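Quick caveat: nothing in here was measured; it's all calculated off a predicted structure.
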Amino acid sequence: MSAYGSFPGSRPRRLRTTPAMRRMVAENRLHPSDLILPAFVREGISEPLAISAMPGVVQHTRDTLRKAAVEAVEAGVAGIMLFGVPADENKDARGTAGTEPDGILQLAIRDVKAEVGDDLVIMSDLCLDEYTDHGHCGVLDEHGRVDNDATLERYAEMAQVQADAGVHVVGPSGMMDGQVGVVRDALDETGHEDVSILAYTAKYSSAFYGPFREAVGSSLQGDRKTYQQDPANARESLRELALDLEEGADMVMVKPGGPYLDILYRVAQAVDVPVAAYQISGEFAMIEAAAEKGWIERDRAILESLLGFKRAGADTVLTYWATEVAGWLRQER
């Protein structure tokens, strides 16, 4: 018996009794402004193309991308991360389409900027993999390996054309050593000091990227294990984090999100800059597939997965459900 009456004296369940009580004492909350929408725009199509492994996600035309941007703004989404998908015939070994002023990604940036201005944070993927005929995130040397330093020169060019197009944030995602510093210098030297860098700080060589390869029309030959991180490693992420911050990253990211919540937590505990998590295509596809089978409750599973990122320390989450979830959250208010 407790000295104060019946056992137990401490009853945590008191704070779970009603929905209103649970809302009041919730430690973490989702808000529409926590969410960033990844979006794909494909060159040379007149109608959006469905991505088979990602129900509800499409390769946009330039026109439907504009509409998606407006819908995101209306839902209260914070940002949009743009990925360009060039026509296969425009791919080459150096990813030339990625640095052409009128390449599909640069056109998409201009389109979204013209449509929504500064009401949405316009972000761009800064990587060569969509544009190379071999599908790697950089240029190859004579032995077929990704040449780190030659790739950095291409990233500097990409940063300049994306900034010229009007992007607010660039996201160097190739996991090349020194990429953040080179991109920062390239932006500053061309008068784009206000363009921010979202560093893909911990990007793992993951089995969960499968549907994304379809989404960007990847031509990948082989794998990316020599530059993306080994899933076995955790301390390595903190080393990458220190380097990215030293080189000038304004924000940092962990990708994938769900399988690496421990990494997300470590990163969030270590920094005083905004931290993002990317809920990638495989995570999206698994929830949608299980829900379609009736094995889980779709909407609850989506919200629970997103709250997991917030609980682990993410300030923002890139998710293909961004606009849909933002709409739910606005209705609850």
Side-chain angles (χ1 to χ4, degrees), residues 30 34-40 51 53-57 79-83 123 125-127 129-130 135-137 171-176 179 198-216 218 220 223-241 244 249 251-271 274-291 296 301-322 325:
L30 284 171
D34 299 331
L35 305 176
I36 297 167
L37 176 68
F40 308 100
I51 300 167
M54 301 176 70
V57 181
I80 188 167
M81 174 64 81
L82 301 176
F83 295 86
M123 304 174 159
D125 180 57
L126 198 161
C127 195
D129 59 320
E130 295 99 325
H136 279 285
C137 297
S173 62
M175 291 301 288
M176 297 297 121
Q179 63 184 14
L198 170 59
Y200 283 59
T201 290
K203 184 178 180 182
Y204 282 86
S205 180
S206 172
F208 291 91
Y209 294 132
F212 181 88
R213 305 270 164 81
E214 177 190 351
V216 297
S218 174
L220 181 64
D223 58 51
R224 299 181 173 130
K225 293 180 180 179
T226 63
Y227 46 101
Q228 293 179 352
Q229 285 183 246
D230 187 335
N233 295 346
R235 290 192 302 270
E236 181 181 34
S237 291
L238 298 182
R239 183 183 183 194
E240 294 279 4
L241 175 64
D244 283 352
M251 299 172 277
V252 296
M253 185 197 292
V254 174
K255 181 181 181 181
Y260 296 92
L261 291 177
D262 60 321
I263 307 301
L264 178 59
Y265 179 80
R266 290 188 188 202
V267 168
Q269 291 295 304
V271 301
V275 177
Y278 197 143
Q279 185 177 50
I280 67 169
S281 60
E283 300 174 69
F284 173 95
M286 288 192 301
I287 290 178
E288 289 286 359
I296 61 174
I302 291 170
L303 289 171
E304 188 174 336
S305 67
L306 294 172
L307 271 172
F309 299 128
K310 292 289 291 183
R311 194 178 60 248
D315 298 294
T316 55
V317 181
L318 286 81
T319 176
Y320 300 99
W321 290 302
V325 170

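Closest non-hydrogen pair, Asp129 versus Cys137, comes out as CB-SG, 3.8 Å. Considering every non-hydrogen atom in both Phe309 and Gly258, the closest pair reads CE2-N, 3.2 Å. Nearest heavy atom pair, residue Ser206 against residue Gln228, reads N-OE1, 4.4 Å. Contact detail for Cys127 and Gly174: the closest heavy-atom pair is SG-CA, 3.8 Å. Across every non-hydrogen atom of Ala270 and Leu241, the tightest pair is CB-CD2, 4.0 Å. When every heavy atom of Ala277 is checked against every heavy atom of Leu264, the shortest pair comes out as CB-CD2, 4.0 Å.
Counting only distance, with no hydrogens or angles, the side chain of Glu283 and the backbone of Pro256 share no donor-acceptor pair below 3.5 Å. Between the side chain of Gln179 and the backbone N or O of Met176, at least one donor-acceptor pair lies under 3.5 Å. With hydrogens and angles ignored, the 3.5 Å screen pairs a side-chain donor or acceptor of Asp315 with a backbone N or O of Val275. No donor-acceptor distance shorter than 3.5 angstrom exists from the side chain of Tyr320 to the backbone of Ala39, with no hydrogens or angles considered. Proximity of a side-chain donor or acceptor of Gln279 to a complementary backbone N or O of Gly257 within less than 3.5 Å is not detected. Between the Lys203 side chain and the Gln229 main chain, no donor and acceptor come within less than 3.5 Å of each other.
Two residues are said to be in side-chain contact when any heavy atoms from C-beta on lie closer than 4.5 Å; Trp321 and Glu288 meet this criterion. Using a 4.5 Å cut-off on side-chain heavy atoms (C-beta onward), Glu130 and Asp125 make contact. Taking the side chain as every heavy atom from C-beta outward, Pro259 and Tyr204 never approach each other to under 4.5 Å. The closest side-chain heavy-atom distance from Met123 to Ile80 is not below 4.5 Å. In this structure, Phe208 and Met286 have side chains that are in contact, with non-hydrogen atoms separated by less than 4.5 Å. Looking at heavy atoms from C-beta onward, Val252 lies out of side-chain contact with Tyr200 at the 4.5 angstrom threshold. At a threshold of 4.5 Å between non-hydrogen side-chain atoms, the residues Asp34 and Val317 do not count as touching. Within the 4.5 Å cutoff, no side-chain heavy atoms of Ser205 are placed close to those of Asp230.
Across Val254, Leu318, Thr319, a single residue satisfies side-chain contact (heavy atoms from CB on, under 4.5 Å) together with Tyr278, and that is Leu318.
Within 6.0 Å of the CD atom in Glu304, the count of heavy atoms belonging to other residues, nucleotides or ligands does not exceed 12.
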For side-chain hydrogen bond (donor to acceptor under 3.5 Å, both in side chains), just list the numbers for Tyr260 and Ser237, CA-CA rounded to whole Å, side-chain angles, deciding distance to a tenth of an Å, and then say yes or no. CA-CA 11 Å; Tyr260 296 92; Ser237 291; over 6 Å; no
